[in-house]
Amino acid sequence: MGEFLKYLVRPVWAVAIVAIVTHASAMAQIPIVQARSEALGSTVTIRGWVTNGPELGSIRYVEDETAGMALFPGVGSAPDFANQVKRGDSIEVTGVLVDFNGLLELNPVLNFTVLTEGISLPAPHLLSLPEVEDETWESRLVRLEHVRFSDEGYFSANQQYQLEDGFGDSLALYVRSNHPLVGAPIPVGDVDIVAIVSDYNGVQVLPRDAADITPSGILFFVNWVRQIDLSPTTVTLTWGTNIPSSAIVRYGPPGGPMSEDTLTGMSLQHVHTLDSLLPATVYAVQVMARHPAGEIPGNTRFMSTASLLDGQVEVYFNHGVDPSFSTGPMPITTSGDEVLDVLLDAIAQAEASIDVCIYNINETAVVLALEQAMAQGIQVRLIAALATANSALDPSPSFPVLYGNKWALMHNKFVVFDAGIPEKAAVFTGSMNFTTPMIHDHPNNMLMVRDQALARAYVMEFEEMWGGFGPEPDSVQSRFGASKKSNTPQLFRVGDDLVELYFSPSDQTNRAILESIDSVREEMQFALLTFTKDDLAEAIVRRMQDGQLVRGIIDNINDNGSEFAYLKAQGADVRDDTPTRILHHKYAILDQERVITGSHNWSNAANVQNDENTLILHSPSLANQFLQEFEARWDELEPAGIHPSASPALMEWHAGFSAGQLWIRTISVAEQTGYWMCSDPRGIMLWKTQGRIQVGTQTHLMAVPNTSSGWYVLSWVSGDGAPLHSRVLVKPD
């Protein structure tokens, strides 16, 4: 959620257009720095130069030699303020001091006088990213040099973007609706930015137009430094520069001494492997690109080596799956009772530490188990959401609890067990809150990831919110929501599978989801509680237009900004979930090879405000287990084996490919003769074969040894020419 919301929720006094209005101030004018020190509700008069125009909406920012102030013409303001006050004006203004979500402003603007027009604004103040966080600079025009965007692509309306410098610092930049930057490409290399410092439950900077963003120097990065592989003793990274460059790669423990690798070869695109590292260990890595014309520091990235022991991922659902789609492993359980037992058993078996980060908990059995662990000398720490009841934590338990994110939602759902013990370390995470309805009634998924490197990364995130490493929280040092830093690794290897990890809002989770959707080659399924992100919906439509098959289930189809109607209008095969329950999943299956899951709904709030965690699992086996779950939920809404025009009780069937065979299971109330017909997705028939369906349940096996992997449409046509019963099948590699 960004600053644009203030323009939606605060009405501007509607008046007829009149001639320019000037008013003599009835109060003594004071410096802005003095005005900022007055009590909220005070009426003050200030003078200064205006640094923005309508590109930021109705609000105007003004500063003098001492400080800056935001001016918003809310209810009770003098007429025509936004139309008459322009960038480069010198004005005197009287208004009432208010705080709006962290931004000090005058609202209403009681009267104003334009003293001079078209002045040349003083040079913006040159600051580092950490300096911008100081409230001294709020509402002032600043200049940031040698920063870069974490995102690629194009600027969208009402969106925050992350700026980073070469020292690991970050800062939010916001683009509102109807801004001149909307639709422009996001710069990839290092840039200098002129912007106004603002605040919306966290500091953000506001560029005014494309002229406020310019390239930095001769040498700059065109691809940011990122990790592409790992082993227990190595990490491999890559980066690119606009001109051939050499480099120094610095690496070491976060906050500790750094080692250096010197790369003397000149290249545009570099790949480098750091070796002789420790297993399951996080390293801070920074590249200094070098050229005779100069040198420039790259992003500081946090990268992890793999665990020494092979890990594994266990999948749990609390509702039944469709086993006919299984190509191998099945989920560990499809029972809510058993999912709860898994959690309780893990708590009981912990040896040293348990860190719980949960949005909502009313399951007293979990709290009792944690208290028992605490009594046995195990360190137990719990972070809960400030925004919900958490009835199981009342009265206060014996272990310490920190309630967090006073601006949005602490929406995580994860538990970390014994991160310091290689053979015991594990993370329990997914979409499920620890409440009775979420455990037993509403469809959810959970994972137990047994891997020390991943567990240590989750602990890093936990302790950033906790405020330190100790058993008790430090509310002064703790960071939630937009105040968190991008300081955790994002690539892991669990067993033979790569796993990506993203924490919101610091890690640009929406970008990772968008890139995953854009990479889909053949098919995609998704099941989501909430889907309101325009760019993700547009990416899905692009996949459809390129011929990929997409199916989805959305629960909250009436959310403000829901993508359900848009996707339907574009021809997407999406279904709304039954209103008798809450489909609480937040997962997507991509090409039956990858799974996106976690606590992150596909919404703007999840991306830029809430505390969330998301995993992208590169594993056909795990993807197939989620596909089994998806097909069960899909058929609950509208069984795909039954043609809408046929009697629902006449016949139901399921089919799939396995071990070079096509199997078909039929359940029929009447005997039928006809034929099975297989077509490609374009409707071109590949083969047909006669068949007879008997009363009751029957399994049919057909040899299809030469059928390549891909999508197929299987249909049953009865002998009397009755309507087709069709189902889309996927044959894996």
Side-chain angles (χ1 to χ4, degrees), residues 225-238 249-261 271-285 300-315 329 332 342 345-355 378-379 381 414-429 447-464 469 487-503 507 594-595 613-622:
V225 180
R226 62 186 179 93
Q227 186 177 4
I228 57 174
D229 204 357
L230 67 160
S231 77
T233 59
T234 66
V235 298
T236 301
L237 53 147
T238 185
V249 182
R250 300 188 176 106
Y251 60 98
M258 304 290 277
S259 301
E260 289 188 355
D261 285 358
V271 176
H272 181 65
T273 298
L274 305 174
D275 54 20
S276 301
L277 306 178
L278 298 174
T281 300
V282 175
Y283 290 86
V285 181
T300 296
R301 287 290 189 242
F302 296 86
M303 304 180 186
S304 177
T305 51
S307 301
L308 191 60
L309 302 177
D310 280 344
Q312 63 179 1
V313 182
E314 300 164 3
V315 181
I332 299 296
V342 167
D345 288 346
I347 294 172
Q349 293 172 17
E351 292 185 10
S353 64
I354 304 173
D355 291 325
I378 295 170
Q379 177 176 281
R381 304 182 293 185
F414 67 79
V415 186
V416 187
F417 300 97
D418 292 328
I421 305 175
E423 64 275 15
K424 295 282 293 182
V427 179
F428 184 69
T429 187
L447 308 172
M448 184 72 81
V449 187
R450 303 188 185 277
D451 182 80
Q452 187 184 27
L454 189 78
R456 283 179 162 176
Y458 269 89
V459 170
M460 289 177 67
E461 176 73 3
F462 181 95
E463 291 181 338
E464 185 175 19
F469 311 111
N487 54 10
T488 52
Q490 294 180 338
L491 188 67
F492 302 85
R493 187 175 293 279
V494 181
D496 293 329
D497 299 324
L498 289 176
V499 173
E500 299 174 56
L501 170 63
Y502 299 92
F503 293 111
D507 295 352
R594 291 162 291 155
V595 176
N613 66 290
T614 298
L615 290 171
I616 302 180
L617 308 156
H618 296 247
S619 168
S621 173
L622 298 174

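- For the pair L617 and L447, the minimum side-chain heavy-atom distance is below 4.5 Å.
- At distances below 3.5 Å, not a single donor-acceptor pair connects side-chain atoms of Q227 with backbone N or O atoms of V235.
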From CA spacing to verdict: salt bridge (Lys or Arg N to Asp or Glu O under 4.0 Å), R493, D451: CA-CA 9 Å; R493 187 175 293 279; D451 182 80; over 6 Å; no
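- Counting only heavy atoms from C-beta outward, the side chains of E461 and V416 never approach each other to under 4.5 Å.
- Annotation: side chain of Y283 is in contact with side chain of L278 (closest heavy-atom distance under 4.5 Å).
- Here the side chain of S353 pairs no donor or acceptor atom with the backbone of Q379 at under 3.5 angstrom.
- Residue S231 holds its OG atom at 9.0 Å from CG of D275, rounded to the nearest 0.5 Å.
- Between the side chain of D418 and the backbone N or O of A425, no donor-acceptor pair lies under 3.5 Å.
- Using a 4.5 Å heavy-atom cutoff, the side chains of F417 and I347 are in contact.
- For the pair T429/Y458, a side-chain contact is recorded, criterion being any heavy-atom separation below 4.5 Å from C-beta on.
- Every residue two or more places apart in sequence or in another chain was checked for a salt bridge (charged side-chain N to carboxylate O under 4.0 Å, His left out) with E500, and none qualifies.
- For the side chain to side chain contact (heavy atoms under 4.5 Å, CB included) test with S619, the passing option among D497, L498, V313 is D497; the others fail.
- A heavy-atom distance below 4.5 Å is not found between the side chains of V449 and F492.
- T300 places no side-chain N or O within donor-acceptor distance of the main-chain N or O of V285, the cut-off being under 3.5 Å.
- Scanning both residues, A453 and S307, for their nearest heavy atoms gives N-OG, 2.9 Å.
- The closest side-chain heavy-atom distance from R301 to Q490 is not below 4.5 Å.
- Of the possible donor and acceptor atoms, one in the side chain of Q452 sits under 3.5 Å from a partner among the backbone N and O of A419.
- With rounding to the nearest 0.5 angstrom, the OH atom of Y502 is 9.5 Å from the OG1 atom of T614.
- M460 is linked by a side chain to side chain contact (heavy atoms under 4.5 Å, CB included) to V282, T488, P489, counting only residues two or more places apart in sequence or in another chain.
- Within the 4.5 Å cutoff, the side chain of V249 has heavy atoms near those of the L274 side chain.
- Side-chain atoms of T236 do not come within 3.5 Å of backbone N or O of I228 as any donor-acceptor pair.
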